[in-house]
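One structure is given below, encoded as structure tokens.
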Amino acid sequence: MNVAEFLKAPTEEIYNELPPITLDVETTNLDKGSALNPHNRLVSLTTKEGDTITTWTEKDGLAALETKLLSLEKDVVLVGHNIKFDLQWLAIYGLSLYDVVVWDTMVVEKVLLGNNPRMLPLDLGSVAKRYGMAGKEPLVDLWMKSGVCPSTIPTSMLLKRNVYDVKVTEAIYKKQLKQCNEDGKLGVALTRCLLTPVLADIESHGMQLDKDRVMEEYDKAMEQQAIVTNGLLEVANINWNSPKQVGELLYDKLKFKELKRHGKPLRTPAGGRMTGVDTIKLLKCTTKRQKNVKNLLLRNSAINAKLTKSLNAFKRCVDADDILHFAFRQHITATHRLSSVGTFYKLQGQNIPRKFKRLFTTKEKDWDIVEGDGSNLEFRVAGELGDDDQVREDISNPDFDAHQTTADTLTRAGQETSRQDAKSHTFKPLYGGTSGTDAEVEYYKQFNARYSGVSETQERWKREALETKKVRLPWGMEFFFPHTKITRSGYQEYSTQICNYPVQSFATADIIPIALVYTWHMLREYKLRSVIVNTVHDSIILESPKDETDKLNEILLVAFTKSCYNYIKRVYKMTFKTPLGVGIKRGSHWSEGDEIKTDIENTYE
DNA sequence: ATCATCAGCGCC
DNA sequence: AAATGGCGCTGATGAT
């Protein structure tokens with residue numbers, strides 16, 4: 001299937017037009033069968049096309065496999081459960097990820113479940129049962145789960161499992177396709193599934209650490225940690241990582257007063273005393289001893305164990321001359337943005353401390369790390385969903401500074417605030433935030449008054465959730481709030497989620513994936529060597545040779561703007577009227593270098 | 001020994 | 001009575 005061509009005029013109807021081929025692979029099972037472990041190998045590939053089920057196994061030879069893979073690149077939909085896994089394997093044996101359209105029954109099931117408030121499991125057996133089919137065959141399933149390698153399971157039994165898998169997967173696909181058509185969710189399914197092969201590819205690349213920078217940072221951190229640890233040891237011989245023990249020391253021994261709001265002590269959700277940095281910063285000192293401990297604890301957190309942990313992992317990685325790999329998951333989060341898990345070194349790609357981004361560089365010498373980042377993405381999406389002309393005006397006005405406006409408003413209301421300190425308040429109303437100091441509440445009021453389109457839309461969502469227990473969005477997504485209700489005090493429970501989910505979801509589960517898909521296909525279409533190596537919610541990270549600077553900038557600009565407008569218009573039948581923009585940073589290391597920012601108004605050609 | 005939960009903290 | 005969203009990972013803790 002020529003996907004690049006399809007993307008010029010995308011339509012979700014492709015799923016009603018193309019015939020399915022359902023597939024399932026078995027592999028040896030080191031690292032859970034990871035395609036990145038060179039000691040693993042493909043054991044079998046089973047496909048179901050119409051009524052024909054065939055299985056390739058190792059003894060059939062690689063030539064037969066190649067022929068089979070070519071048939072998967074025809075005008076068909078590849079159906080599989082967690083098909084990213086299968087794709088990564090098949091890519092190793094020659095399948096072109098650029099030329100397949102997939103339907104991942106796990107991902108589509110998540111689409112149908114929306115935020116999945118009941119946390120229903122999404123493994124194949126559980127989904128099958130919910131559709132009224134038999135679960136997995138228990139014995140082989142038990143073997144697989146307890147680590148028996150598929151290559152040692154009797155062929156006939158393995159075959160039986162493969163046949164079950166493809167039959168059930170295909171049956172689920174048929175029901176899901178019908179459901180998606182009826183619910184108007186086919187477009188969302190398309191967006192999610194177009195991203196799947198892209199993720200399969202991104203994961204295979206991984207990111208490169210700069211050995212010298214890592215070692216320098218590591219040595220520095222260890223030195224500082226030694227100093228602070230010694231200081232703390234002189235204060236008390238307790239476990240400083242234990243909130244319980246630190247709480248006892250602070251509030252019982254040292255007699256710090258707990259922070260209060262409205263006369264009541266601030267506590268953790270389970271009622272424990274607060275010992276986090278933000279709390280410690282606010283504790284009032286009256287004695288020298290208190291001052292000393294507060295100082296040490298703050299320094300301890302600045303160079304805290306978590307940082308040492310990430311540096312430890314970085315160090316292990318560079319010591320092994322290795323690449324850092326992450327895995328993305330499309331079926332975890334309530335809003336359908338990606339979640340990321342660290343693979344070998346247990347580091348997530350999405351929460352690398354900002355100050356450590358400079359430790360990442362390129363695999364090729366003299367290439368650059370490029371980061372394309374959707375400008376104020378969630379704010380703009382909120383503006384679009386609220387059809388808010390004030391948002392459009394403010395983002396188009398180069399003199400308008402949202403954070404400075406926040407700072408000024410807070411200061412005018414009697415709470416002197418710097419631009420930096422204002423940042424955390426600027427978009428709090430987008431998350432449904434309403435409480436805080438008097439000045440903060442005043443700011444939230446003014447925010448809602450200024451962006452009345454946004455706040456009215458949020459109120460509409462809240463009412464809809466109250467009446468129907470769900471919020472349905474124009475692009476087909478639905479979020480379910482079975483327990484939302486108004487409490488005695490007049491507060492609507494779950495209102496923060498109701499306000500935030502649509503915005504976060506459309507921004508980071510639709511727009512950025514669309515940008516990723518288009519970037520990925522355009523890189524290939526224009527024969528660039530640049531590769532995508534990571535994505536973090538509203539950004540795309542690439543490795544790129546310097547001579548591709550102009551071409552890549554052009555691609556990113558189009559992908560983050562026009563491609564999104566056109567895709568949203570064709571697939572979601574929505575006219576996106578708020579300008580989108582992209583900021584592009586290019587440098588020898590991640591997050592270094594000057595940023596170019598460009599917005600493009602949507603012009604439909 | 002293993003598991004679930006809490007608290008803390010990193011990112012967007 | 002109050003209530004800013006979404007994650008994953010770690011260490012501590014307490015139960016099984």
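Chain letters run A, B, ... following the sequence lines, proteins first, then strands; residues in each count from 1.
Residues A:Leu347 and A:Ser435 each lie close to DNA chain C; by heavy-atom proximity, the contact nearer the 5' end of the strand is made by A:Ser435. Projected onto DNA chain C by closest heavy-atom contact, A:Tyr444 and A:Lys264 fall at different nucleotides, the more 5' of which corresponds to A:Lys264.
At least one donor-acceptor pair under 3.5 Å links the side chain of A:Thr343 to the backbone N or O of A:His325.
The two atoms that bring A:Lys84 and A:Leu199 nearest to each other are CD-CB, 3.8 Å, heavy atoms only.
Using a 5.5 Å limit on the distance between ring centres and a 30° limit on the angle between planes, the aromatic ring of A:Tyr501 does not count as stacked on the six-membered base ring of C:dG5.
Counting atom types as modelled, A:Ser495 pairs no side-chain N or O with a base atom of C:dA3 as donor and acceptor under 3.5 Å. One cannot find a donor-acceptor pair under 3.5 Å joining the base of C:dG11 and the side-chain atoms of A:Asn241. A donor N or O paired with an acceptor N or O is not found under 3.5 Å between the base of C:dC7 and the side-chain atoms of A:Arg337.
Residues A:Phe314 and A:Tyr218 place their aromatic rings such that the two centres sit no closer than 6.0 Å.
Relative to the side chain of A:Lys346, the nucleotides C:dG6, B:dC12, C:dC9 differ in distance, and C:dC9 lies closest.
The phosphate of B:dC12 has OP1 or OP2 within less than 4.0 Å of a side-chain N or O from A:Arg354.
In this structure, A:Ser505 reaches neither bases nor backbone, as no heavy-atom distance under 4.0 Å exists between it and the strands shown.
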